[in-house]
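In what follows, chains are A, B, ... by sequence order, proteins preceding strands, each numbered from 1. Quick note: numbers below take in every heavy atom, side chains included, and nothing from hydrogens, waters or symmetry partners. Since the model is a prediction, treat every value here as computed from it, not as a measurement.
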There are 2 protein chains.
Amino acid sequence: MIGSGIKRGTAELAVLSVLQDGPLHGYELARRIEQQTNGALRFTLAALYPMLYRLEQQRWIRGAWETSANGRRRRCYRLTPAGKKKLSPLQREWAELFRALQRLTKVAHA
Amino acid sequence: MIGSGIKRGTAELAVLSVLQDGPLHGYELARRIEQQTNGALRFTLAALYPMLYRLEQQRWIRGAWETSANGRRRRCYRLTPAGKKKLSPLQREWAELFRALQRLTKVAHA
DNA sequence: CCTTACATATAGGATTCTTATATATGCAAC
DNA sequence: GTTGCATATATAAGAATCCTATATGTAAGG
């Protein structure tokens, strides 16, 4: 059975997936998600930051303060080993949800 | 852009899709959803009833009391014309969300 | 100096789903 | 005959997730 958290957890999958490509800070993360989905998926920064804290508490990502070339301080997040391990079952759960919903709409159509 | 309600709205899509096949009461609705998804998607009745009220308030479904052959009273819900009209854009929104998440995970993998 | 882009943060609220609980009927088994 | 199970609806209390609005501050460009 699909876990109860999954249905609202689009953001979680999106963040972990993008971080798989390499460490990023919050502001850039939001832009990548929007770009890579052609604007279909978008998270406001106010929604993103609390989520990053949550993911960090769960040890799936780890944040570190860094100072960029232009002297701006920002918090750079990277996937932890636990986060990497979390990713594939999460993707499988999503795939299962998609199949389930497709079955529902198709059966209804028949 | 994908609407903000969609991400939590799996239940909404599931209920409307199943009702497309014909009127049903709540208890049977829950069973159909579970059966047709091979147990992957499941809603407890306590979650289902408040949702049915909400869908009824929005005029997408309409409930009517009936008495079955065995003398048990139950509330039978059917799709309204507005509900039918709602269904296809909702399915399109979901398809768009799926594509967006697939793009994210694939780009991250590349 | 004023605006825009960058960057993080918190408060307050809305929505949705869960667990737990309550009620009541019909039917079969013992 | 009463115990237990499947049927059937309902509400309350709470957790989780996301949104809007707001605040703060730096850097670059006009």
Value in whole Å for how far the C1' atom of C:dA24 lies from CG of B:Leu45 | 15 Å
Take the C1' atoms of the five end pairs on each side of the helix from C:dC1-D:dG30 to C:dC30-D:dG1, get both axes, and report the angle to 10 degrees.
-> 10°
So what does B:Thr10 hit on the nucleic acid, given a heavy-atom distance under 4.0 Å: a base, only sugar-phosphate, or nothing?
-> sugar-phosphate
Ignoring hydrogens and angles, are the base of C:dT8 and the side chain of A:Arg75 linked by a donor-acceptor pair under 3.5 Å?
-> no
Judged by nearest nucleotide, the residue sitting upstream toward the 5' end of DNA chain D, A:Glu12 or A:Arg72, is A:Glu12
Atom pair distance, as rounded to whole Å: CG in A:Leu24 and C1' in C:dC6 | 15 Å
Measure from the side chain of A:His25, starting at C-beta and using heavy atoms only, and say which of D:dA10, D:dC19, C:dA7 lies closest.
-> C:dA7
From CG of B:Leu48 across to P of D:dA8 the rounded distance in Å is 13 Å
Listed nucleotide nearest any side-chain atom of B:Tyr27, set D:dT9, D:dC19, C:dA5 = D:dT9
From D:dC18, C:dC17, C:dT8, nucleotide with atom closest to A:Trp65 side chain | C:dT8
Kindly say if B:Arg31 contacts the phosphate of D:dT7, meaning a side-chain N or O under 4.0 Å from OP1 or OP2.
-> yes
When you measure from the side chain of B:Ala46, which nucleotide among D:dT7, C:dA20, C:dA9 comes out closest?
-> C:dA20
Shortest side-chain distance from B:Tyr49, nucleotide among C:dT10, D:dA10, C:dT8 | D:dA10
Candidate nucleotides C:dT10, D:dC19, D:dT17, ranked by approach to the side chain of A:Tyr53 - the nearest = C:dT10
If only side-chain N and O atoms of B:Arg8 are considered, is one of them under 4.0 Å from the OP1 or OP2 phosphate oxygen of C:dT15?
-> no
